[in-house]
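The chains referred to below are lettered A, B, ... by the order of the sequence lines, with proteins before strands, and numbering in each begins at 1.
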Protein chains: 2
Amino acid sequence: MPSPYVSYSLPMDEPPSEVERTLEAQIAAYQREFHDLDPQVEKIVSALSRLNRRMNVAYGRQTATLGMSNAEWEVLKALVLSGAPYQLGPGELAKRLGLTPAAMTHRIDRMVGEGLVTRERDESNRVRVNIELTVEGREKWLEAMRLATVFEEELLQDLSSEDRTALGEVLTRLLKRVEHAQPDASGRLKDLD
Amino acid sequence: MPSPYVSYSLPMDEPPSEVERTLEAQIAAYQREFHDLDPQVEKIVSALSRLNRRMNVAYGRQTATLGMSNAEWEVLKALVLSGAPYQLGPGELAKRLGLTPAAMTHRIDRMVGEGLVTRERDESNRVRVNIELTVEGREKWLEAMRLATVFEEELLQDLSSEDRTALGEVLTRLLKRVEHAQPDASGRLKDLD
DNA sequence: GCTTCGAACTTTAGCTTTGAAGTCTTCACT
DNA sequence: AGTGAAGACTTCAAAGCTAAAGTTCGAAGC
């Protein structure tokens, strides 16, 4: 007997969500279970995390309509942002995406097969390999960007220009703090300067 | 000949980062390559995404010091937040974490082995299975929370209480918009109400 | 009471990623 | 030239996830 129906909400269909629980309810549960919690902090952190999940789901759907995965989109993005001549080595790509070189090797294999990038040995240094964006790859990236910006504009629709400026400024401040100070295992952010 | 040295920055060691590129430089590259871009929007979106990466790396290091993975921490979190008696079925857990039931089965296998949760058939309905937090699991969650709150406080250190309130409020507005409106493949956020 | 449908979990196969080992170049020193 | 160290990628095995069966139990309908 087969099992002809899928009763589950798969990650891609139903977006990964903490289910029908509002942010407020979640924070209330946190306070109930962990009394030392600062609800103001938790609200920000939880919202950031949940926002990001939704964004990734949205991007995933969009790239899927273009026959790509988010993983491939990221590679295209890194290559485009590197500027002309739109080529980088596997190791450099891996660093920029936060992957191991091994994973990059496989990812590139696929993308070469799909015609999004080419892989060629560097002539001047034959240890090196150059991954270069193809015309088709660049076009795909552009299409993905057009979709993404539509979504992003929708997301921020309720914010005035002043709100947006203020939000961008605050987030940048936070980011500077995290990126310039390496947190150790205990969570302390040690400044590097 | 073995290869005795690791010259790569592995995802866990060196945090996944778009490498030594500031947010400002990234936005400039976007504008260079995609002229229709609204830099104000891109700043917010990019900062959100990069912030989240750093947060996840930080959480990952912290849970690692407790001998857990982020994946396991998420399961503990869902169980704790469900409230007493701290038990849920695999399917419900999968939904809350955005995983397939199959992945949940394996994850639970591991966690049962580590004594973080127990798995028992429901007596009243023997199709159902109850995953219940153990005392040790709850204690681990508490320790992880203590570490997490230290990091979170460090992260927000530069923000005044007013800044924090404002940020929490804005993020909540965005979140409400994304969670209550299902984006379709083209990025449009259709309200459900 | 038997049968069929449906729900809830588990199993299996295939894919992506990690971590470690391996290969091939290049560079520096002798 | 000749050797050794180091760098840049690839290969391989194991872990974790998804998608698609498969299994078991409970609830309805005949």
Side-chain angles (χ1 to χ4, degrees), chain A residues 1-16 56-57 60 64 68-75 87-114 117 119-131, chain B residues 1-16 56-57 60 64 68-75 87-114 117 119-131:
Chain A
M1 299 100 184
S3 97
Y5 25 72
V6 182
S7 59
Y8 304 116
S9 55
L10 285 343
M12 206 49 186
D13 305 342
E14 187 107 7
N56 288 335
V57 169
M68 281 193 300
S69 67
N70 263 348
E72 294 175 332
W73 184 36
E74 278 175 19
V75 176
Q87 53 175 236
L88 292 170
E92 181 60 27
L93 276 172
K95 253 188 257 176
R96 300 200 183 194
L97 303 188
L99 293 177
T100 57
M104 246 355 277
T105 295
H106 299 316
R107 211 128 124 174
I108 291 165
D109 286 346
R110 281 170 257 149
M111 295 180 69
V112 168
E114 292 163 2
V117 299
R119 167 168 20 204
E120 279 175 19
R121 289 234 160 249
D122 188 313
E123 282 312 318
S124 65
N125 183 340
R126 300 181 27 72
V127 184
R128 292 218 164 105
V129 173
N130 285 324
I131 309 305
Chain B
M1 296 99 183
S3 94
Y5 25 73
V6 182
S7 60
Y8 303 115
S9 55
L10 284 344
M12 207 50 184
D13 306 341
E14 186 108 8
N56 288 335
V57 170
M68 281 193 300
S69 67
N70 263 348
E72 294 175 332
W73 184 36
E74 278 175 19
V75 176
Q87 54 175 235
L88 292 170
E92 181 59 27
L93 275 171
K95 253 188 258 177
R96 299 200 184 195
L97 301 188
L99 293 176
T100 57
M104 248 354 279
T105 295
H106 299 315
R107 219 181 243 196
I108 290 165
D109 287 345
R110 281 171 258 148
M111 295 181 69
V112 168
E114 292 162 3
V117 299
R119 167 169 19 206
E120 279 174 20
R121 289 234 160 250
D122 189 314
E123 282 313 318
S124 66
N125 183 339
R126 301 183 26 73
V127 184
R128 290 218 165 106
V129 173
N130 285 324
I131 309 305

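- Comparing atom distances between the B:Val127 side chain and each of C:dT17, D:dG7, C:dA7 picks out C:dA7 as nearest.
- With D:dG7, D:dT10, C:dT18 as the candidates, the nucleotide lying closest to the side chain of A:Ala103 is C:dT18.
- Nucleotide C:dA7 holds its P atom 15 Å from the CD atom of B:Glu92, rounded to whole Å.
- The two residues A:Gly89 and A:Ile131 come nearest to each other via the heavy atoms C-CG1, 4.5 Å.
- Across all their heavy atoms, B:Arg121 and B:Val127 have their closest contact at NH1-O, 3.5 Å.
- If you measure from atom CG of B:Leu97 to atom C1' of D:dT18, you get 15 Å, rounded to the nearest angstrom.
- For D:dG16, the OP1/OP2 oxygens have a side-chain nitrogen or oxygen of B:Arg110 closer than 4.0 Å.
- For B:Leu99, the side-chain atoms get nearest to D:dT18 when compared with the rest of D:dT18, D:dA8, C:dT17.
- Rounded to an integer number of Å, the gap from CZ of B:Arg119 to P of C:dA8 is 17 Å.
- Using a 4.0 Å heavy-atom cutoff across all strands shown, A:Arg121 reaches no nucleic acid atom at all.
- Per the geometry, NE2 belonging to B:His106 stands 9 Å off P belonging to D:dC17, to the nearest Å.
- For the pair A:Leu93 CG and D:dT10 C1', the computed distance is 15 Å after rounding to whole Å.
- Remark: P of D:dA6 and CG of A:Asn125 are 17 Å apart, rounded to the nearest angstrom.
- Protein atom CD of A:Glu120 is 13 Å distant from nucleotide atom P of D:dT10, rounded to whole Å.
- One finds no side-chain N or O of B:Arg107 lying less than 4.0 angstrom from the OP1 or OP2 phosphate oxygen of D:dT18.
- Interatomic distance, B:Leu97 CG to B:Met104 CE, rounded to the nearest 0.5 Å: 5.5 Å.
- The nearest heavy atom of DNA chain C to A:Ser124 and to B:Met104 marks one nucleotide each, and the one closer to the 5' end goes with B:Met104.
- Across the protein-nucleic acid pair, B:Asp109 atom CG and D:dA14 atom P stand 19 Å apart, rounded to whole Å.
- With respect to the salt-bridge test (charged N to carboxylate O, under 4.0 angstrom), the residues B:Glu92 and B:Arg96 qualify.
- When every heavy atom of B:Arg110 is checked against every heavy atom of B:Glu72, the shortest pair comes out as CB-OE2, 4.4 Å.
- Both A:Ala102 and A:Arg128 lie close to DNA chain D; mapped to their nearest nucleotides by heavy-atom distance, the more 5′-ward contact belongs to A:Arg128.
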